[in-house]
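Atom set for the values below is all heavy atoms of this structure, side chains included, hydrogens, waters and symmetry mates excluded.
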Amino acid sequence: MTASATPLLRISALKKYFPVRRGLLQRVGGYVKAVDGVDLEILPRRTLGLVGESGCGKSTVARLILRLLDPDGGTVQFDGREITALNEREFKPLRKQIQMIFQDPYSSLNPRMTVAQSICDGVRMAGIKDKSDQRKRIQQLLDMVGMPAASAGRYPHEFSGGQRQRVGIARALSVSPQLILCDEPISALDVSIQAQIINLLKDLQEELGLSYLFISHDLNVVSYICDHVCVMYRGRIVESAPAIALFDHPCHPYTLNLLAAVPETTEVGWSPQVGAEWERAPLPDGCAFGHQCPDYDDDCKREPSDMVKVGDGHFVRCWYAA
């Protein structure tokens, strides 16, 4: 992924393997390569989409960025600073710069805390100590996300899913972050509400100069909100391109399969095998997508391809990328 601007976030060769334990003694019998050599860049004031099916490692990438998990290899640089080697005390000030919006807005809010109490923790972390100034800041944040002032004294169960997600966004904004990780932020919402939240995120980005990592499996939403898109399959990035180029000229067989599965979209590849046995099958030799690719041959079996440049900012992990 190339660009003239200096990336706000740069991930290089990031890895996270989870042990698989078997038998009575629970000995390690192998590893699940949840994240296997991932490279990503997020530019200031831009949105990077990370797409792929459930279990491909998208959310694990976000948790590695936030240091909720420790990586097994690779580096994460934020604003030019390498953060994977920092201890918790050194990393704590950076938590204000990197925030997360979670998939389920209900479980991410404390049901025993009012909206004001949930947001106030971040306001205090941002350095606002005076009670009056805290109340003003909370009201400002609620207004920013389209919630009425009376919401401050209410509890999460009193709101709809879309309103709770707005509260979650206000809480993330309370520490004035530079980067927000959006982990499937609309998948738990009604379709009628999803567009409102997406437009809110776009408006906030323009107003506050935010950068987003937008994790999703909804390609229609990704095409609307993202500037650049990375497609992830079994822990690896298989295609990376500007959003327009990816949707106009997809190259990797897996990307073609994803697009073919989008409802009411003209078929661009072959019919996806929904629920097929390959989802639980071990990785084939060489290319991980060999189970489904009709072009899988001896070259693909020997070793997986490196990322091949096929256009301006467009890279594909395939021996036969055109």
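Remark: K33 is not positioned above the aromatic ring of Y31, lacking an NZ or CZ atom under 6.0 angstrom from the ring centre and at most 45 degrees off the axis. The side-chain tip of R154 points at the ring of F159 from less than 6.0 angstrom away and within 45° of straight on. Taking the ring axis of Y224 as reference, the NZ or CZ atom of K202 stays within 45° of it and closer than 6.0 Å to the ring centre. Under a cutoff of 6.0 Å and an axis angle of 45°, R164 and Y106 do not form a cation-pi pair.
Defined by atom type and a distance below 3.5 Å, a donor-acceptor pair is missing between the side-chain atoms of Q178 and S211. A donor-acceptor contact closer than 3.5 angstrom is absent between the side chains of E53 and H217.
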In sequence, state the C-alpha distance, the side-chain angles, and the governing distance for L213 and L9, and then conclude on side-chain contact (heavy atoms from CB on, under 4.5 Å). CA-CA 10 Å; L213 174 63; L9 182 82; 5.7 Å; no
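The aromatic rings of Y254 and H252 stand perpendicular to each other, their planes meeting at an angle above 60°, with 30° marking the opposite boundary.
Using a 4.0 Å cut-off between charged side-chain N and carboxylate O, E88 and R95 make a salt bridge. Taking 4.0 Å as the cut-off between side-chain N and carboxylate O, R63 and D183 count as a salt-bridged pair.
Hydrophobic cluster of L24: no remaining members, since no ILVMFWY side chain lies below 4.5 Å from it.
For the atom pair E41 CD and T6 OG1, the distance stands at 9.5 Å (nearest 0.5 Å).
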